[in-house]
Amino acid sequence: MGTAGTGTGETAGERRQLINVAYRLLGSLAESEDAVQEAYARWYALPRSRQDEIVSPGAWLTTVTSRICLDVLGSARARRERYVGAWLPDPLPDHAEWDHGHGTDPADQMVLDESVTMAFLVVLESMTPAERVAFVLHDVFRYPFAEIADVLGRTPAACKQLAASARRRVRVARTPVTAAGQADAVRQVKEAWETKDIAALVELLDPAAVMTSDDGGMVGTALRPVEGGARIAQYMVAIADKDPGLELLERSVNGMPGLVARHAGAVVTVASFDVADGRVTRIWAVRNPEKLRPWGRDGSA
């Protein structure tokens, strides 16, 4: 991929781009880091003469990382079938709020745009591995189909069809909303939740709203999605009754307004929202402690 020459000594500078590609392909920070590390291991395992022959090491690393992610996506489906409850992508904090300049954590490398919103990532999860790779590389990172064909082992025309199929899924599922509009809805949900106002929550939630929780079987949550605005409102109030010490914070989650729940100073839930016509249509609540590590104890990383 790409034609611009890059000195082999500069390959470490490609890590940010590779992490961004891998996370959008896999939805998991840990798996993304592993894929990038494996790509670098393969690079450094090449004889120096072979490295010198490669015009663009960055492009080579992107191709190899994408192939590794394609393999991971194939095996991930089987692993996620064995996962306890629903599997959701890792929630990303806004590094503008918590970055201290270290830049070593994968989350710190993320470019937060519409291609990492939870709503977008959930749609990507519905795609076949080949569709996801073709769509992400072409529509998000603007790689030409001739180069994507090298990753997928298919013709450019076949890759174009895969991306078009994926694009239709995105078009059907997406309900664009401004960050400001979502922030207002999330703030109202927070206030109604804190006051245990079921009627207000029902008004804020779409009648067909769905709430999906992911705890990996570690902390206890609804294993199946909670469907319907009224049922979700009752469920949220029941949570508040069960844990009176729960503290809610408005935070950016994957680049969009969301909520972080803390108990005794520790982050226990990160919630993402999808909003349409001023009402919440989807809530994705991540409670798996392994996925909350970037969030630290205070609702920031």
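One is the number of the first residue; the rest follow in order along the sequence. Since this is a predicted model, take the numbers as computed values, not measurements.
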Minimum-distance pair of heavy atoms, taken over all atoms of Ser66 and Val151: CB-CG1, 3.6 Å

Side-chain touch Leu205/Arg279, heavy atoms, less than 4.5 angstrom: no

Partners meeting salt bridge (charged side-chain N to carboxylate O under 4.0 Å, His left out) with Asp277 (sequence neighbours left out): none

Least distance between heavy atoms, Trp193 atom then Ala240 atom: NE1-CB, 4.0 Å

Pairwise side-chain contact, His138 with Pro144, heavy-atom cut-off 4.5 Å (strictly under): no

side-chain contact (heavy atoms from CB on, under 4.5 Å) partners for Glu227, two or more places apart: Val210

Residue list, side-chain hydrogen bond (donor to acceptor under 3.5 Å, both in side chains) with Arg187, at least two apart or on another chain: Glu250

Heavy-atom check, side chain of Leu26 versus side chain of Leu73, under 4.5 Å: yes

CA sep, side-chain torsions, deciding dist, call: Asp214, Lys291, salt bridge (charged side-chain N to carboxylate O under 4.0 Å, His left out): CA-CA 9 Å; Asp214 172 354; Lys291 297 185 178 186; 2.6 Å; yes

Met127 and Arg169, any side-chain heavy atoms less than 4.5 Å apart: yes

Leu246 side chain near Arg262 side chain, heavy-atom distance below 4.5 Å: no

Residues Arg24, Asp113: salt bridge by 4.0 Å N-O rule: yes

Rounded distance [0.5 Å steps], CH2 in Trp60 versus OG1 in Thr65: 8.5 Å

Minimum heavy-atom distance between Ala233 and Leu201, given as atom pair plus value: CB-CB, 3.6 Å

From CE (Met236) to CG (Asp241), nearest 0.5 Å: 12.5 Å

Shortest non-hydrogen separation from Ile68 to Ala39 and the atoms involved: CD1-N, 3.7 Å

Partners meeting side-chain hydrogen bond (donor to acceptor under 3.5 Å, both in side chains) with Gln188 (sequence neighbours left out): Asp184

Could you go through residues 153-166 and list every donor-acceptor pair under 3.5 Å that involves a side-chain atom there, pairing it with any protein atom two or more places apart or in another chain?
| residue | atom | partner | partner atom | Å |
| --- | --- | --- | --- | --- |
| Thr155 | OG1 | Ala158 | N | 3.0 |
| Ser165 | OG | Glu131 | OE2 | 2.6 |

4.5 Å side-chain heavy-atom contact, Asn254 and Leu121: yes

Side-chain donor/acceptor of Gln182 to backbone N/O of Phe273, under 3.5 Å: yes

Any Trp87 side-chain heavy atom under 4.5 Å of Asn288 side chain: no

Salt bridge (charged side-chain N to carboxylate O under 4.0 Å, His left out) between Arg67 and Asp150, worked out: CA-CA 9 Å; Arg67 287 174 178 165; Asp150 190 37; 3.1 Å; yes

Pairwise ring-ring contact (aromatic ring centres under 6.0 Å, His included) hits with a residue in residues 221-261, at least two apart: none

Side chain to side chain, Thr117 and Val253, heavy atoms closer than 4.5 Å: no

Sole residue of Thr62, Ile148, Val21 in side chain to side chain contact (heavy atoms under 4.5 Å, CB included) with Phe141: Val21

Salt-bridge contact Arg48-Asp52 (side-chain N to carboxylate O under 4.0 Å): yes

